[in-house]
Engineer: 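Below: one structure in structure tokens.
Numbers here simply count residues along the sequence, with the first being 1.
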Amino acid sequence: MSQFLGAAPLSVEVSSFRAPFDATDADLILHTSDDAKFAVHKIFLAVASPLLKRFLLSGSSSPCPPFEGLVLKCDGDHAIIKLEEDAQTTERVLQYCYPFSNPVFSNLNDVQAVLEMMRKFGMKGLMNRVKGSLVQQAFLDDQPLRVFAIAYRYGLEDEARIAAKYTVRQPFFTPYVEELEHIPASVYHRLLQYHRKCSVAACSLTADFSWFPGFASRWVWFQCDDCVHHPLSWPLSDGKIYEVNAWFIEFMERARNALRERPCSKVVTDPFLIAECLEAASGCLTCRPAAFLDLSVFIGEHFTSEIERAIDTVELDIPF
């Protein structure tokens with residue numbers, strides 16, 4: 001470590017990036033692929049990356065095996081490393097190396113670039129600080145398959161499992177994403193299997209009413225005798241068998257079709273799905289005043305939570 005402390009302070013002009021990456025007492029220059037320069041302190045890089053520590057201590061002008069193409073050069077008394085990464089990625093990684101607040105990411109490409117640079121330099125500890133940015137709610141809602149593939153690629157098991165649960169909120173076959181190129185086909189196949197098993201678990205709730213709460217028989221679709229009943233009767237948790245209005249069974253059948261494609265609670269709250277059901281119920285004088293409230297309670301307080309519980313029982317069978 002004495003080699004770090006003995007380096008001469010910088011007196012060269014560096015890039016216009018904000019402090020502290022233009023410090024005059026820095027002992028290393030990082031030169032990025034887009035021609036930006038960062039004046040940094042070796043000690044911070046050494047702590048963040050044991051691989052870089054060995055590289056810097058060696059003082060070698062030849063690349064180490066882990067860093068193909070990376071060369072440590074000297075310009076007078078100043079050490080310079082030419083990087084393959086661009087300025088934005090380098091700056092963000094440096095923000096993690098220094099005792100600063102973590103950078104904010106607005107897209108997955110930037111998160112992935114930072115993770116890749118950290119993987120390259122063996123910064124495992126820092127990768128653990130980035131993983132929270134990977135599973136931002138916006139990313140999970142809009143691009144769960146990309147999040148899953150990135151998380152799996154970099155060995156972030158917890159984040160991959162979180163993202164897998166969000167992939168079932170999208171259709172079974174989603175558009176291709178390039179991140180799939182970096183994970184085995186077997187892993188993607190198992191993810192599709194997980195989606196199918198979640199579909200089976202969620203759809204089973206639409207044909208078996210034994211999970212309904214104990215007071216379910218008070219809901220109007222069990223009470224009304226004026227509507228057309230479905231030809232079959234259903235047992236409830238109280239042990240009794242009840243006739244059910246046809247419009248409610250039609251709702252459950254439509255819900256099953258939606259859950260088969262996207263097994264998540266959100267699909268059964270679709271206003272269009274509910275509107276068709278209520279339109280049928282409005283033709284009955286008995287059902288009309290109670291259908292909306294009863295159906296809202298059924299969906300919001302029971303059906304959605306039961307769907308999530310059913311999905312939680314499905315195991316993601318992927319080795320990490």
Engineer: Any side-chain heavy atom of Glu85 sitting closer than 4.5 Å to one from Ser33?
Structural biologist: no

Engineer: What I want to check is whether the side chains of Gln95 and Asn102 have a donor and an acceptor closer together than 3.5 Å.
Structural biologist: no

Engineer: Taking 4.0 angstrom as the limit, do Arg256 and Glu253 come out as a salt bridge?
Structural biologist: no

Engineer: Run the ring-centre check on Trp219 versus Phe248 and record whether the distance is less than 6.0 Å.
Structural biologist: no

Engineer: Does the side chain of Leu28 come within less than 4.5 Å of Leu45's, by heavy atoms?
Structural biologist: yes

Engineer: Which value, rounded to the nearest 0.5 Å, describes the distance between Ser265 atom OG and Glu308 atom CD?
Structural biologist: 3.5 Å

Engineer: Does Lys42 offer a backbone N or O that forms a donor-acceptor pair with the side chain of Asp27 under 3.5 Å?
Structural biologist: yes

Engineer: Checking salt bridge (Lys or Arg N to Asp or Glu O under 4.0 Å) against Arg146, which of Glu178, Glu179, Glu181 comes through?
Structural biologist: Glu179

Engineer: Looking at Arg161 and Glu157, is any side-chain nitrogen of the basic one under 4.0 Å from a carboxylate oxygen of the acidic one?
Structural biologist: yes

Engineer: Determine whether the side chains of Glu243 and Ser233 contain a donor N or O and an acceptor N or O closer than 3.5 Å.
Structural biologist: no

Engineer: Any cation-pi pair here, Arg169 with Tyr166, using under 6.0 Å and within 45°?
Structural biologist: yes

Engineer: When you compare the side chain of Gln170 with that of Pro144, does any pair of heavy atoms fall below 4.5 Å?
Structural biologist: yes

Engineer: Is a side-chain donor or acceptor of Ser49 paired with a backbone partner of Ala46 at a separation under 3.5 angstrom?
Structural biologist: no

Engineer: For a quick test of reading the model, state the closest non-hydrogen atom pair linking Met123 to Val93 and the distance between them.
Structural biologist: SD-CG1, 3.9 Å

Engineer: Please report the interatomic distance OG1(Thr313) to NZ(Lys197), rounded to the nearest 0.5 Å.
Structural biologist: 11.0 Å

Engineer: Would you say the side-chain atoms of His229 pair up with the backbone N or O of Cys224, donor to acceptor, closer than 3.5 Å?
Structural biologist: yes

Engineer: Pick out which of Phe251, Trp234, Phe209, Phe298 makes a ring pair (Phe, Tyr, Trp, His ring centres under 6.0 Å) with Trp221.
Structural biologist: Phe298

Engineer: Is a salt bridge present between Lys131 and Asp158, judged by a nitrogen-to-oxygen distance below 4.0 Å?
Structural biologist: no

Engineer: Return the CZ to CG distance between Phe121 and Leu126, rounded to the nearest 0.5 Å.
Structural biologist: 12.0 Å

Engineer: State, with a plain yes or no, whether a side-chain heavy atom of Thr90 is found less than 4.5 Å away from one of Leu83.
Structural biologist: yes

Engineer: With a 3.5 Å cut-off and no angle check, do the side chains of Asp86 and Thr32 form a donor-acceptor pair?
Structural biologist: no

Engineer: Could you tell me whether Phe292 atom CZ has more than 12 heavy atoms of other residues or ligands within 6.0 Å of it?
Structural biologist: no

Engineer: So, taking the atom named CD1 in Ile318 and the one named CD1 in Ile183, what distance separates them when rounded to the nearest 0.5 Å?
Structural biologist: 7.5 Å

Engineer: Does Asp294 use its side chain to pair, donor to acceptor, with the backbone of Val220 at less than 3.5 Å?
Structural biologist: yes

Engineer: Which heavy atom of Ala281 sits nearest to which heavy atom of Cys287, and what is that distance?
Structural biologist: O-CB, 3.6 Å

Engineer: Pairing donors with acceptors under 3.5 angstrom, does anything connect the side chains of Asn257 and Arg254?
Structural biologist: no

Engineer: Compute whether any side-chain donor of one residue and acceptor of the other, for Glu315 and Tyr194, lie under 3.5 angstrom apart.
Structural biologist: no

Engineer: If we count only N and O atoms by modelled type, under 3.5 Å, do the side chains of Asp141 and Gln137 hold a donor and an acceptor together?
Structural biologist: yes

Engineer: Please answer whether the main-chain N or O of Ile43 pairs with a side-chain N or O of His41 as donor and acceptor at a distance below 3.5 Å.
Structural biologist: no

Engineer: What I'd like to find out is whether the side chain of Trp247 reaches to under 4.5 Å of the side chain of Leu278, using heavy atoms alone.
Structural biologist: no

Engineer: Salt bridge check, Arg190 against Asp317: does any charged N sit closer than 4.0 Å to a carboxylate O?
Structural biologist: yes

Engineer: Tell me, with the steps shown, if Lys37 and Asp22 meet salt bridge (charged side-chain N to carboxylate O under 4.0 Å, His left out).
Structural biologist: CA-CA 9 Å; Lys37 295 178 181 178; Asp22 58 357; over 6 Å; no

Engineer: Could you tell me whether a side-chain N or O of Gln136 sits under 3.5 Å from a main-chain N or O of Ser133, the two making a donor and an acceptor?
Structural biologist: yes

Engineer: Find out if a path of hydrophobic residues (ILVMFWY) with successive side-chain heavy-atom gaps under 4.5 Å connects Leu145 to Phe320.
Structural biologist: yes

Engineer: Any side-chain to backbone donor/acceptor pair from Arg129 onto Tyr96? Under 3.5 Å, distance only.
Structural biologist: yes

Engineer: Check for a donor-acceptor pair, side chain of Thr174 on one end and backbone N or O of Pro171 on the other, with a separation under 3.5 Å.
Structural biologist: no

Engineer: Between the side chains of Gln223 and Tyr242, is a donor N or O closer than 3.5 angstrom to an acceptor N or O?
Structural biologist: no

Engineer: I need the minimum non-hydrogen distance between Leu140 and Ala163, along with the two atoms involved.
Structural biologist: CD2-CA, 3.9 Å

Engineer: Compute whether any side-chain donor of one residue and acceptor of the other, for His182 and Tyr152, lie under 3.5 angstrom apart.
Structural biologist: no

Engineer: Is the side chain of Thr304 donor-acceptor paired with the backbone N or O of Ile299 at a distance under 3.5 Å, no angle test?
Structural biologist: yes

Engineer: Using a 4.5 Å cut-off on heavy atoms from C-beta on, say whether the side chain of Ile81 contacts that of Phe55.
Structural biologist: yes

Engineer: Would you give the length of the straight line joining atom CD of Gln143 to atom CD1 of Ile150, rounded to the nearest 0.5 angstrom?
Structural biologist: 8.0 Å

Engineer: Kindly assign one of parallel, tilted or perpendicular to the pair Phe100 and Phe21, based on the angle between their ring planes and the thresholds 30° and 60°.
Structural biologist: perpendicular

Engineer: For the CD1 atom of Ile249 and the CG atom of Leu232, what is their distance to the nearest 0.5 Å?
Structural biologist: 8.0 Å

Engineer: Hey, are the side chains of Lys240 and Pro235 touching, using non-hydrogen atoms and a 4.5 Å cut-off?
Structural biologist: no

Engineer: Tell me, do Phe303 and Phe212 make a side-chain contact under 4.5 Å, heavy atoms counted?
Structural biologist: no

Engineer: Count the heavy atoms of every other residue, nucleotide or ligand shown that sit under 6.0 Å from CZ of Phe272, and state whether that count exceeds 12.
Structural biologist: no

Engineer: Treat each ILVMFWY residue as a node, draw an edge where side-chain heavy atoms are under 4.5 Å apart, and state whether Leu191 and Val200 are in one component.
Structural biologist: no

Engineer: Same hydrophobic cluster for Val135 and Val168, using side-chain heavy-atom links shorter than 4.5 Å among ILVMFWY?
Structural biologist: no

Engineer: Which of these, Glu116, Gln112, Arg119, sits in a side chain to side chain donor-acceptor pair (under 3.5 Å) with Tyr154?
Structural biologist: Glu116

Engineer: Considering all heavy atoms of both residues, which atom of Pro50 and which atom of Gly122 are nearest to each other, and what is their separation?
Structural biologist: CD-O, 3.9 Å

